[in-house]
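Taking it in order: structure first as structure tokens, then the write-up.
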Amino acid sequence: MNRLEGKTLIMTGGGGSIGAAAALRCAQEGANLVLTDTREDHLHAAADAARAAGAEVLPLVSDARDEAACAEMAAKTVESFGRIDMVWANAGEVWVKEALEQDKAFWTECLELELTGQWLPIRAVLPTMIEQQSGSVLVSSSMTANVGIKHIAAYSAAKGGLQALMKTLAVEHGRDNIRFNSLAIGSVEGRHIIASNAMRQGITYEEAERLVGATKVVRDEIFPLGRMGTPDDIAPVVAFFASDDSAWVTGTNFYPDGGLTHDGTAGISGLSQQQLAKYAGLLMQ
Ligand SMILES: NC(=O)c1ccc[n+]([C@@H]2O[C@H](COP(=O)([O-])OP(=O)(O)OC[C@H]3O[C@@H](n4cnc5c(N)ncnc54)[C@H](O)[C@@H]3O)[C@@H](O)[C@H]2O)c1
């Protein structure tokens, strides 16, 4: 299928687990890509894989929190490809601490990446999309904005803020034919979950990686679909929002989470304390 032929997509955090998988999927569907990340090695690995699938790719080492870098990202995209059809604000990190330990410095740093760092790339591309009178804006929110999971207060607040931001912009720029949607992503295998588990349990990344494998059966049990997600489960969802198949979809919050949150209110918050204790350290952002 070449439904993304001729489209240019920007993906922040494009070198990450989900970013790289979505980049590959969109490359396979014919898109040109601008991938940004602060980790150069992962960024180039993702770019090489997308190129091997036939895409033209511009990898940029670029910090999503930096307004000037975001402006440069938008300018370079237009210079290279002539247009911007989608920006997927997806860069993120792990922010685990008990709520009362989240002082102003921690809180500010988290929101600077998880909320401001998603707004700035969007703000940088909006003038081009308004001029084109078309565009799709997608953000990587999290199911943690919709169900309670402890020790991620600032992160959850930021991810909830993203859902609110998309709804506001959907109304403000709907007549410009720009769509704004959020993904309330559930637990997906990869660096994010491993780093999160490591922080929660006070163990190294390598130990957490081993544990994630060893506890797979127990963890998979809690998903209505019987398994935790993989980056490849999210990739086609991103491709859908990049494509004209989502032409009449805006202001939505979509839950790619294997059914974990059901209707957004039950799911893991409906688990008993015993079940929660059993899964402590396995249920993550
Ligand atoms: N993996 C999950 O289970 C899960 C669940 C819910 C939400 N999410 C969200 O999905 C997004 C992608 O997660 P992932 O699992 O691929 O994580 P990941 O850690 O593999 O990828 C995130 C990428 O963002 C990059 N990044 C960090 N700071 C940056 C900055 N300032 N500028 C540019 N890039 C930066 C990192 O280098 C990394 O490559 C994140 O926003 C995360 O919060 C993930």
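Numbering of residues begins at 1 and proceeds along the displayed sequence. Every heavy atom of this structure was used, including side-chain atoms; hydrogens, water molecules and symmetry mates were not. Both ligands and their constituent atoms are indexed starting at 1 by order of listing.
- The atoms of ligand 1 that sit less than 4.0 Å from any heavy atom of Ser187 are 3 (O).
- For the residue pair Asn253 / Ser182, a side-chain donor-acceptor distance below 3.5 Å is found, with atom types taken as modelled.
- Under 4.0 Å from ligand 1, the heavy atoms of Ser141 that appear belong solely to its backbone.
- Within ligand 1, counting atoms from 1 as listed, the ones closer than 4.0 Å to a heavy atom of Asp63 are 30 (C), 31 (N), 32 (N).
- For the residues Ile185, Thr144, Asp37, the heavy atom positioned nearest atom 23 (C) of ligand 1 is part of Asp37.
- Looking at ligand 1, you'll find an N or O of Val188 within less than 3.5 Å of one of its N or O atoms.
- At a heavy-atom distance under 4.0 Å, atoms from both the backbone and the side chain of Ala91 approach ligand 1.
- For Phe106, the ring pair (Phe, Tyr, Trp, His ring centres under 6.0 Å) partners are Trp95, not counting sequence neighbours.
- Closest heavy-atom approach to atom 26 (N) of ligand 1 within the set Ile18, Thr36, Thr38, Leu60: this belongs to Thr38.
- When each atom of ligand 1 is checked for a heavy atom of Leu113 under 4.0 Å away, the hits are 28 (N), 29 (C), 30 (C), 31 (N).
- The ligand atoms of ligand 1 that sit less than 4.0 angstrom from a heavy atom of Ala64 are 30 (C), 31 (N), 32 (N), 33 (C).
- Listed by number with element, the atoms of ligand 1 under 4.0 angstrom from any heavy atom of Arg191 are 18 (P), 19 (O), 20 (O), 36 (C), 38 (C).
- Screening residues 104-119 for salt bridge (Lys or Arg N to Asp or Glu O under 4.0 Å), with sequence neighbours left out, gives Glu114-Lys159.
- Residue Ser140 holds the heavy atom nearest to atom 10 (O) of ligand 1 of all those in Ala69, Ser140, Pro121.
- Distances below 4.0 Å separate heavy atoms of Ser62 from the following atoms of ligand 1: 32 (N), 33 (C).
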